[in-house]
Amino acid sequence: MSNEELEQLMWLQLVLDGDDRVRRQDLYAAQQQRFERGKATEEDIEAYVRELHRSAALFSRLLHPEEEPDTSVRAQLHRLNTWQAQVTYPALMLLLDRRERGALDSSGTARAMSYIESFLVRRMICRVPPNNLNRIFQAVPGQLPLDVPVADGLHQLLSAGNRFWPSDDELRDKIRKAPFYQFGRPQQRKMVLQRLEESYEHPEPVDFAAAQLTIEHVMPQSPGDEWLRKQGLLQGSHLEMNRRIAATERWGAKEILARADELADRAVALWPAPLRGVGRAERSRDWHLAHQVLAALPHGTWTSYGDLAAFLGSGAQAVGNHLAGTPGVANAHRVLTSEGRVSEGFRWPSEDEGGDVRSRLTADGIRFTVAGSADPVQRLTADDLALLVAEDDDRTEGEDTAQRPPGGSQGEETRADRFFRQLAADDSPETVEAVRALFAHWEKLGGWIGHGAGQVTTSAFLMLGEAGAPGRGIWPLTLYPGGGRGGTAEVVFQYLAAREPFTDRALRTELLTRLNELEGVDIPEGKLDLRPNIRLSALEKNHNRERLAETLTWFRARWEERGTA
């Protein structure tokens, strides 16, 4: 596999893994972001390489269709290869992947590929501009319907009103009227004619690979003496399409249209039509997941249509429509506009529900500003929602990445140096010095500072316990440079809930209360099971540094008391 093909494979893997907006030219940055932001472990990287190796075998079949063992799938891949349909690779890789995983058989795979071929051929014949094909096929993995078989789902997706797959009537009309030779690439026009010729099922088919064929007018615009001999040439042709023309005594408008209609009948039979009445294509939505995360909203929190849509990979309008039309969704009334207001179009989906929405929200612990908007501090973002339904993981971020780093050799930047370099690039010198003072206080308490291994975005952990000893370490805060938005301290309530003695909710609540005593900090109780952030710039104020130092001293004392009560 060449370097270019390997690069294309890695891009396809990103698309299949859900990044349906990544551009080929942004591959390197996207891969960095994937591993750094996700804080990938060695096991994660090994798993990625194994998956890439598996995908490489599938990708090779797109490049070399002769490697495909199934006859029908191989024929489809050959035709798409001839078409030079690299834009369809995300969809083709998805189909081959689903087949390998047992969600699709070879017959279904071939049928799904026939929809892709038809989509391309019909658009070419009907002169639909190809400039949006990259976007259409890159979106397939994320937009494929979840509740129907794969082949049917692809048929439905490509039939969407904003995909412009020509109908039978449009195809017939263009075959009658549009100059076929003026659109598409030469190899594409040749493939269309070859498929039409093969549809006659001649007992001795032409070897198209060896035949020297050209595309010409049956009747030129200015017929001369050569035209008079053309009927004889067509009669002697081995192509059934030519022989049928030669058998016609005259070649006028009536005959030309009759032949166009015959070819249209064959085209309609060869290339399946789109489904009717399919709306716009949108990213697939797992509404069960939406219901799950809404049911998990903590008391005193709300979210917006946009946040929920971003979490699901959908659109805000689709979310609103679903909630309005689905009775019994817990906490649906706590989904508000981005301004924290009840949507003008909000309605209770059933008679069993009802009442004043504002009163219900107040009863749920939502505070309102003087302007009548829900308190923005109580809003859960898409990232917060993801934490609500995150699966438990015995490994912890601090233990996996916040090891005591060995001292770098002379001239080598240490992790600590990299953290402060990145912090200083985005925050004021006062903030940087305040963080240094915070670290010094923590170390006086007997703690140590661990740093993440990220090159793009690093981190710092306020750690207690033994480095590298699973289950023995604990940390209250993780600090991140801002990356253009200002550094933050992440309060890891979610991890503390599994760490003694902070499995006691009362202790976590007291930690929250102490942190809220800092000026400018107001963490809602609803985020007690999440990982809310505090701006590091708040530490520029002396009284905030003092209060945080007192809170960390209290934290260490509670940890040392564990198991002694």
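- A heavy-atom distance below 4.5 Å is found between the side chains of L511 and L496.
- H451 contributes a side-chain N or O that, together with a main-chain N or O of S459, makes up a donor-acceptor pair within less than 3.5 Å.
- Taking CG of L536 as the reference point, atom CG of L438 lies at 8.5 Å (rounded to 0.5 Å).
- The distance from the CD1 atom of I366 to the OG atom of S373 is 12.5 Å, given to the nearest 0.5 Å.
- With E430 contributing its side chain and L539 its backbone, the two residues share no donor-acceptor pair below 3.5 Å.
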For a side-chain contact (heavy atoms from CB on, under 4.5 Å) check, start with the C-alpha distance between D356 and R360, then their side-chain angles and the critical distance, and finish with the verdict. CA-CA 6 Å; D356 180 65; R360 287 280 298 273; over 6 Å; no
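- The two residues P476 and L552 have their closest heavy-atom pair at CG-CD2, 3.9 Å.
- Side-chain atoms of I449 and F461, non-hydrogen and from C-beta on, never get closer than 4.5 Å to each other.
- Between R163 and R123, the closest heavy-atom pair is O-NH1, 2.8 Å.
- Going from atom OG1 of T551 over to atom CG of L477 covers 9.5 Å, rounded to the nearest 0.5 Å.
- When all heavy atoms are compared, the tightest approach of Y480 to E490 is OH-OE1, 3.8 Å.
- When only modelled atom types and interatomic distance are considered, S55 and Q13 share a side-chain donor-acceptor pair under 3.5 Å.
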For T303 and N331: C-alpha separation, side-chain torsions, deciding distance, then whether side-chain contact (heavy atoms from CB on, under 4.5 Å) applies. CA-CA 10 Å; T303 191; N331 293 323; over 6 Å; no
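- A side-chain donor-acceptor contact under 3.5 Å links T503 and E500.
- At least one donor-acceptor pair under 3.5 Å links the side chain of W442 to the backbone N or O of M463.
- Residues R499 and Y495 bring no donor and acceptor atom of their side chains to less than 3.5 Å of each other.
- Taking the ring axis of F420 as reference, the NZ or CZ atom of R436 stays within 45° of it and closer than 6.0 Å to the ring centre.
- Heavy atoms only, all atoms of each residue included: P145 and Q156 are closest at CG-NE2, 3.7 Å.
- Ion pair E517/R547 not flagged as a salt bridge, since none of the NZ, NE, NH1 or NH2 atoms sits closer than 4.0 Å to an Asp/Glu carboxylate oxygen.
- In this view, E100 and R54 satisfy the salt bridge (Lys or Arg N to Asp or Glu O under 4.0 Å) rule, not counting sequence neighbours.
- Between L94 and L144 there is a side-chain heavy-atom pair separated by less than 4.5 Å.
- At distances below 3.5 Å, not a single donor-acceptor pair connects side-chain atoms of R545 with backbone N or O atoms of A434.
- Contact of the F439 side chain with the F419 side chain is registered, since non-hydrogen atoms from C-beta on lie closer than 4.5 Å.
- Applying the side-chain hydrogen bond (donor to acceptor under 3.5 Å, both in side chains) test to pairs two or more places apart or on separate chains, those with a residue in residues 518-528 are D384-K527, E519-K541, E519-H543.
- F502 does not carry R558 over the face of its six-membered ring by the limits of under 6.0 Å from the centre and within 45° of the normal.
- Remark: E510 pairs with R514, W554 by the side-chain hydrogen bond (donor to acceptor under 3.5 Å, both in side chains) rule, at least two apart or across chains.
- Side-chain contact between V293 and L308 is present, with heavy atoms from C-beta onward closer than 4.5 Å.
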Derivation of the side-chain contact (heavy atoms from CB on, under 4.5 Å) call for L528 and R505: CA-CA 9 Å; L528 198 57; R505 186 178 181 88; 3.6 Å; yes
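- For T431 (side chain) and D427 (main-chain N/O), no donor-acceptor pair under 3.5 Å exists by modelled atom type.
- Side-chain atoms of D307 and S304 include a donor-acceptor pair closer than 3.5 Å.
- Between L336 and F346 the shortest side-chain heavy-atom distance does not fall below 4.5 Å.
- No donor-acceptor pair closer than 3.5 Å links the side chain of Q422 to the backbone N or O of P481.
- Rounding to the nearest 0.5 Å places CZ of R535 at 15.0 Å from CG of N544.
- Counting heavy atoms from C-beta outward, I116 and L95 have side chains that approach closer than 4.5 Å.
- Between R99 and D105, none of the side-chain N atoms (NZ, or NE/NH1/NH2) sits under 4.0 Å from a carboxylate O, so this pair counts as no salt bridge.
- A salt bridge between D97 and R101 is present, with a side-chain N of the basic residue lying under 4.0 Å from a carboxylate O of the acidic one.
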Step by step, would you call L515 with L548 a side-chain contact (heavy atoms from CB on, under 4.5 Å)? CA-CA 7 Å; L515 291 172; L548 182 57; 3.9 Å; yes
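- For L507 against P501, the heavy-atom pair with the smallest separation is CD1-O, 3.4 Å.
- Put simply, the side chain of N134 never gets that close to the backbone of V87: no donor and acceptor are under 3.5 Å apart.
- Closest non-hydrogen pair, A91 versus V140, comes out as CB-CG1, 4.0 Å.
- Proximity of a side-chain donor or acceptor of T513 to a complementary backbone N or O of T509 within less than 3.5 Å is detected.
- To the nearest 0.5 Å, atom CZ of residue F59 and atom CG of residue L52 are 10.5 Å apart.
- Listed for the R111 side chain is no donor-acceptor partner under 3.5 Å among the backbone atoms of A151.
- Side-chain atoms of L464 and F555, non-hydrogen and from C-beta on, do get closer than 4.5 Å to each other.
- Here the CG atom belonging to L423 is positioned 14.0 Å from the CZ atom belonging to R418, to the nearest 0.5 angstrom.
- Aromatic pair F119/F137: ring centres closer than 6.0 Å.
- Side chain of W302 to backbone of P376: no donor-acceptor contact under 3.5 angstrom is found.
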